[in-house]
Structures are given as structure tokens and as C-alpha cells.
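Report on the following structure.
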Amino acid sequence: MATHSVTLADFTMPGGFDPEAIETTTRKFGAAVLPQFVTGAALPALQREFSAVLEDNDEAYVYKLTYPAGRAASLTNNETFKKKYKAIAELFDRYDLVSFAHRYIGTPCLPNQEIYATHERVPDSPVAPTHFDKLWNLKFMFYVDDVGQGNAPFGIVPGSAVANREAFRRIFEDNQLTSLSMSDSRYQGMSNSRSPEQDEEVVEITAPAGTLIVFDTDTSHRARPVEAGKERRILRGHSGPYAKYERVKKYSRQWWRGEKAYSKIDEIKDKVLMRA
């Protein structure tokens, strides 16, 4: 019997924000795509603020990044930022996004603790090879403009999260570890990328301005370079259990990664485990 090849339609969610359906889709495929998440006057406001924030050098909330593919900045969504960039702050502070982050991650949870603005505009300059993140997060990616072929569309390898989590955990098993430091060469040197031959498995997300992509970073993902005469502008919010990690303990939150949400009891167990 022929197997069904996953297409963009399989993880596109037309209609309103349905947390249960989005969670089910994200856990199964690795992402959920919500076209027209932002429409009307809110979209031009976000486009204006995007342009302004990449020109802003206020160190109270902007950290400019070296980015060969174009321009990029890490934004701290603090009170100063919220007052100046109301549209961006309101997008990532929306109740449905914040509550979904808590639903998917569990406790503890820092919804959209960082926001990234990236403007890809240098033809043939690498954006992101196919990889999964070494440490797990839930991310919300927002298309500021239309993204078609040639605009470095974001893409995922549907269903790849299971094998990627096991690749991370294998470091513990192969080396009989109960704790892994982020400075350990075994962590630094872990393979989290896929070979170019496997790129045919990537499903690219071409979608109009205002689209939101919810994705689990255990899923292999990528973006090809922009083509000459084209560009891409995106905003991306990062949500995770903690802001920083020095080590991961076996069976702790980051060891389980995106496999399940964490309850309050799980969090208490984690605190005991981290002290051991």
C-alpha cells in the first residue's frame, strides 16, 4: 500500500485559533500553519514597526546580530520595548499565544522570552541549513510579508522530532551520563543537522503576509537563501521552560524536550533532580 506523502495542507489550520487542534498537529508533524492570523490595519502597523526596529540601536531592548544573510536583531520584550513597539509586543503578548505556550510546554514556561527580527536580503547567502535545535524551544514565526518560492520560505521535515530527540538522548546512553554540561565537547559536537541528500523531505511553507507558524524545534527545519531581487522579513518569538541552561540532567525537562507538557508535579521533581 502506498504511503501518504505529507504536504503543506496537512499541517495548515484555516479558521480560528483552536488550541487542541494546533497542539495535535504540532506534536504530530512538528508545525502548524495559521494563514491570515493577522489581517486588517494590524498588519501594516507590524510592517512599519519591523522596519523601525531594525534601525533602532537602543540597548535597553535591542541587540544587533551579525547576520551575513541580511540584518537581524534580538529584542527583549520589556516595558520600554512595549511602549515603543506596541504592535510587535501586542502580537507576541496575545492571550492565545501565551496560553498556548503554557499548554504545550507546561510549567515552568517563559512565553516569547525573546523576539527575533530578521531581514534576509543577500542572495545566495545561507540562512539556515536543515537542523534541529540543540536545546528545545517552542517558536512562533510570523511572516511580515508574503513568502513564496525564492523568499527563503521556512520548511520542516514532518515527523522528524522523534528521531531527533533520540539523537540527543543517545549522548547520555552512549556515554552513561546522568548529566550533560552545555560546555561538554559531546554536547558541542553533537550532530543536529541532516545531509543535503535528505533535503528532499523538507516541506516548505509558502504563505501570505500575516501568517503565523507554530513549530517545535525538535523538528528538523531550514530556510534556503533568498534569490536575487527577493527578500524575506520575519518575526520569531521563542518560548521555553528556562532562559538559560548550564547542564541537562537525565530525565529532566530539557531531556524530555518537546515530547510532553510538564505538570507542576513534574516541575517539583525536576528541582529535586537538579539538586542531586
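Each residue takes its place number in the sequence, starting with 1.
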Which hydrophobic side chains are connected to Y63, either touching it within the sub-4.5 Å cutoff or through other members that do?
L65, Y116

Tell me whether the count of non-hydrogen atoms from other residues, nucleotides or ligands lying under 6.0 Å of NZ in K28 goes above 12.
no

Going hydrophobic residue to hydrophobic residue with side-chain gaps under 4.5 angstrom, can you get from V147 over to F37?
no

Answer with yes or no whether the side chains of R247 and S183 bring together a donor and an acceptor at under 3.5 Å.
no

Spacing of CG belonging to L34 relative to CG belonging to D18, to within rounding of 0.5 Å:
9.5 Å

May I ask you to say whether E259 pairs ionically with R27, meaning some side-chain N is under 4.0 Å from a carboxylate O?
no

Do other residues, nucleotides or ligands put more than 12 heavy atoms under 6.0 Å from Q36 CD?
no

Quiz question: by atom type and distance under 3.5 Å, do the side chains of N112 and D93 form a donor-acceptor pair?
no

So, using ring pair (Phe, Tyr, Trp, His ring centres under 6.0 Å) as the criterion, who are the partners of Y262 when residues are at least two apart?
none

Surrounding NZ of K86 (heavy atoms of other residues, nucleotides or ligands, distance under 6.0 Å), is the total greater than 12?
no

Report the residues that fulfil ring pair (Phe, Tyr, Trp, His ring centres under 6.0 Å) with H102, sequence neighbours left out, ordered by chain and then residue number.
none

Starting from I171, can I reach W256 by hopping between I/L/V/M/F/W/Y residues whose side chains sit under 4.5 Å apart?
yes

Single-linkage hydrophobic cluster L8~Y143, side-chain heavy atoms < 4.5 angstrom
yes

Taking only residues two or more places apart in sequence or in another chain, which ones pass side-chain hydrogen bond (donor to acceptor under 3.5 Å, both in side chains) with S263?
D266

Heavy-atom closest pair (P126 atom, A69 atom, distance to 0.1 Å) is O-CB, 3.7 Å

More than 12 heavy atoms from other groups under 6.0 Å of NZ on K82
yes

Which heavy atom of P241 sits nearest to which heavy atom of L110, and what is that distance?
O-CG, 4.0 Å

Contacts of type salt bridge (Lys or Arg N to Asp or Glu O under 4.0 Å), residue E173, not counting sequence neighbours
K250

On a heavy-atom basis, which atom in V122 and which in V226 lie closest, and how many Å separate them?
O-CG2, 3.6 Å

E20 atom CD: more than 12 heavy-atom contacts under 6.0 Å
no

Report the hydrophobic cluster partners of V127, with the cluster defined as I, L, V, M, F, W, Y residues connected by side-chain heavy atoms closer than 4.5 angstrom, directly or transitively.
Y67

With under 30° as parallel and over 60° as perpendicular, where do the rings of F29 and F11 fit, or are they tilted in between?
tilted

Hey, quick one: are I88 and V38 part of the same hydrophobic cluster, counting side-chain heavy atoms closer than 4.5 Å, chains of contacts allowed?
yes

Between side-chain atoms of residues 158-168 and protein atoms elsewhere (two or more places apart, or another chain), which donor-acceptor pairs fall under 3.5 Å?
unit_1 : atom_1 : unit_2 : atom_2 : d
S160   : OG     : V157   : O      : 2.7
S160   : OG     : S220   : N      : 2.9
N164   : ND2    : S160   : O      : 3.2
N164   : ND2    : D218   : O      : 2.8
N164   : ND2    : S220   : OG     : 3.0
R165   : NE     : D218   : OD2    : 2.6
R165   : NH2    : G258   : O      : 3.3
E166   : OE2    : R169   : NH1    : 2.9

Tell me the closest heavy-atom pair linking T107 and K264, and the distance in Å.
CG2-N, 3.3 Å

Checking F154 now: which residues fulfil ring pair (Phe, Tyr, Trp, His ring centres under 6.0 Å) with it, not counting sequence neighbours?
F215, H221

Pairing residues for Y104 by the ring pair (Phe, Tyr, Trp, His ring centres under 6.0 Å) criterion, not counting sequence neighbours:
F100

Could you check whether Q113 and H238, counting side-chain N and O atoms only, form a donor-acceptor pair closer than 3.5 Å?
no

Going by the rule salt bridge (Lys or Arg N to Asp or Glu O under 4.0 Å), which residues pair with R48 if we only count those two or more places apart in sequence or in a different chain?
none

Those residues that, when tested against K244, pass salt bridge (Lys or Arg N to Asp or Glu O under 4.0 Å) (two or more places apart)
none

Taking atom types as modelled, find out whether E120 and T118 have a side-chain donor-acceptor pair closer than 3.5 angstrom.
yes

Within a 6.0 Å radius of atom OH on Y242, are there more than 12 heavy atoms belonging to other residues, nucleotides or ligands?
yes

Any chance the side chains of Y85 and N77 put a donor and an acceptor closer than 3.5 Å?
no

How would you list, by chain and number, every residue that makes a salt bridge (Lys or Arg N to Asp or Glu O under 4.0 Å) with K249, sequence neighbours excluded?
none

Would you say the side chains of Q149 and E227 form a donor-acceptor pair under 3.5 Å?
no

